[in-house]
Amino acid sequence: MTADPQAATKTGYDGETLASLTADATAIMARYPDPRSGLLPMLHLVQSVDGYVSRDGILFCAEMLGITAAEVSAVATFYTQYKRHPNGTYTVGVCTNTLCAVMGGDAIFDELSDHLGVGHDETTDDGAITLERIECNAACDYAPVVMVNWEFFDNQTPETATALADQLRLGDDVVPTRGAASVCSFKQMSRVLAGFPDGRADEGTGAGEPTLAGLKIARERGWTAPEAPSRVEPAETGVSTSSTSGGSTGGGTEAPASPPVGTPGSSAERKPATSSDTQTGKDKKPGEDAK
């Protein structure tokens, strides 16, 4: 598919939507030496339009990148942040990994599931909330943690979590514990994940008191991290740690010499030694020279 939105496409997007998607996808592809590396943010991009990775979204990514729809689908079905069916306005994720579970994460999920009438990766009838079990929110110092479209709601209980869900369904504004000052929609968050900032990166508190507790104690007691030890080459290589130029690096530690050819760590090319070195590997096409 070319950058021309009027080019032939198998997608069902209207002209305006297709033109907008094409412009954004072109900007994403330009970030990478290999445009195909842009597939992950492009999937977030189409999700920001459709609310999930739709058939049209898959075909669009395939056409833009010159790959098959099957290849796009393989990626879209691997990562849990890509939804293959319509998602709610808000994804409410409850951490049920070890620490959060011990602190009440399982009880929170069970209460929310009963209260909302949905299970994992299911959406309420009004389309407001998709409930998820999350393996880890990387916020163990605030366990148990609930996230709404990846914004933190710390130290939750079954009661506070259900109250939060009710507010979301009513359309009330909710304020995360840390990070942004508000919660945006799932589509808006998907666009941010595609690499298009929404200007909210510097809002709110980044690290709260539990996160900084260790640093505070270290400063009060004058603790500092030990210096990294000098690098020493393994004795079995027989390689001297003296500089090849015979001089010091100026930092008190002499730079190691390059390992001689044939020793561990040598970057010299090895000549073929066995028949298997010259045979076509499993990843080679018939007739392709082995490298």
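Owing to the predicted nature of the structure, the values given are computational and were not obtained by experimental measurement. Along the sequence shown, residues carry numbers from 1.
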Q. Any side-chain heavy atom of Tyr90 within less than 4.5 Å of one from Val183?
A. yes
(Q) If you count heavy atoms of other groups shown closer than 6.0 angstrom to CG of Asp173, is the number above 12? (A) no
Q) When you look at CZ of Arg84, are more than 12 heavy atoms from neighbouring residues, nucleotides or ligands closer to it than 6.0 Å? A) yes
Q: Check Asn137, Val145, Leu131 against Val94 for a side chain to side chain contact (heavy atoms under 4.5 Å, CB included) and give me the one that passes.
A: Leu131
Q) Would you say Phe152 and Val146 are hydrophobically clustered, going by side-chain heavy atoms of ILVMFWY under 4.5 Å? A) no
Q) Any side-chain heavy-atom pair from Lys10 and Phe60 closer than 4.5 angstrom? A) no
Q: Consider only side-chain N and O atoms of Asp14 and Thr17, and report whether a donor and an acceptor are under 3.5 Å apart.
A: yes
(Q) Checking Ser54 against Asp56: is there a side-chain donor and acceptor pair closer than 3.5 Å? (A) no
Q. Any side-chain heavy atom of Glu111 within less than 4.5 Å of one from Thr157?
A. no
Q: State the OG1-CD1 distance between Thr80 and Ile134, to the nearest 0.5 angstrom.
A: 6.5 Å
Q: Output the distance between atom CZ (Phe196) and atom NE2 (His44), rounded to the nearest 0.5 Å.
A: 12.0 Å
Q) So, do Thr26 and Met64 sit near enough that their side-chain heavy atoms are less than 4.5 Å apart? A) yes
Q. Is Ile58 linked to Phe78 within one hydrophobic cluster, defined over Ile, Leu, Val, Met, Phe, Trp and Tyr using a side-chain heavy-atom separation of less than 4.5 Å?
A. yes
Q) Can you name the closest pair of heavy atoms from Gly195 and Pro197 and give their distance? A) O-CD, 3.4 Å
Q: In sequence, state the C-alpha distance, the side-chain angles, and the governing distance for His115 and Asp166, and then conclude on side chain to side chain contact (heavy atoms under 4.5 Å, CB included).
A: CA-CA 9 Å; His115 184 70; Asp166 288 343; 2.8 Å; yes
Q) Has the side chain of Gln47 got a donor or acceptor atom that lies under 3.5 Å from a matching backbone atom of Ala194? A) no
Q) Out of curiosity, Arg55 CZ to Leu59 CG, how far, rounded to the nearest 0.5 Å? A) 4.5 Å
Q.
Donor-acceptor check, side chain of Thr77 to backbone of Ser73, threshold 3.5 angstrom: yes or no?
A. yes
Q. Do Ile28 and Tyr82 belong to the same hydrophobic cluster, where Ile, Leu, Val, Met, Phe, Trp and Tyr are linked whenever their side-chain heavy atoms lie under 4.5 Å apart, directly or via other members?
A. yes
Q | Distance (rounded to the nearest 0.5 Å) between Cys61 SG and Arg36 CZ | A | 12.0 Å
Q.
Strictly distance-based, threshold 3.5 Å: is any side-chain N or O of Tyr142 a donor or acceptor partner for the main-chain N or O of Thr177?
A. no
**Q.** Main-chain N/O of Thr89 paired with Asn149 side-chain donor or acceptor, under 3.5 Å
**A.** yes
(Q) For Asp198, is there an ion pair with Arg191 - N to carboxylate O distance below 4.0 angstrom? (A) no
**Q.** Side-chain heavy-atom pair Leu43, Val72 within 4.5 angstrom cut-off
**A.** yes
(Q) For the residue pair Thr91 / Thr130, report whether a side-chain donor-acceptor contact shorter than 3.5 Å exists. (A) no
**Q.** Over 12 non-hydrogen atoms of neighbours within 6.0 angstrom of CD in Glu220
**A.** yes
Q.
Can you tell me how far apart CG (Asn87) and CG (Asp50) are? Round to the nearest 0.5 Å.
A. 12.5 Å
Q | Under-4.0 Å salt bridge between Asp106 and Arg133 | A | yes
Q. Side-chain contact, heavy-atom cut-off 4.5 Å: Val148 with Val174?
A. no
Q | Side chain proximity check, Leu45 to Leu21, heavy atoms < 4.5 angstrom | A | yes
Q | Donor + acceptor pair across side chains of Arg200, Ser182 (<3.5 Å) | A | yes
Q. Side chains of Thr9 and Glu63: donor-acceptor distance under 3.5 Å anywhere?
A. yes
Q: Report yes or no: does Ser113 contribute a side-chain atom to a donor-acceptor pair with the main-chain N or O of Val118 at less than 3.5 Å?
A: yes
Q: Tell me, with the steps shown, if Leu112 and Ile108 meet side chain to side chain contact (heavy atoms under 4.5 Å, CB included).
A: CA-CA 6 Å; Leu112 279 174; Ile108 291 173; 4.1 Å; yes
**Q.** Donor-acceptor under 3.5 Å (Glu71 side chain, Ala69 main chain)
**A.** no
Q) Just by modelled atom types, is the Phe186 backbone N or O under 3.5 Å from a matching donor or acceptor in the Ser190 side chain? A) yes
**Q.** Within-4.5 Å side-chain heavy-atom neighbours: Leu39 and Tyr32
**A.** no
**Q.** Hydrophobic cluster membership, Val53 vs Met29, 4.5 Å side-chain cutoff
**A.** yes
**Q.** Asp125 CG: over 12 foreign heavy atoms closer than 6.0 Å
**A.** no
Q.
Let me confirm one number: the CZ-CD1 distance from Arg169 to Ile129, rounded to the nearest 0.5 Å.
A. 6.0 Å
**Q.** Co-membership, hydrophobic cluster, residues Tyr79 and Ile67, 4.5 Å side-chain
**A.** yes
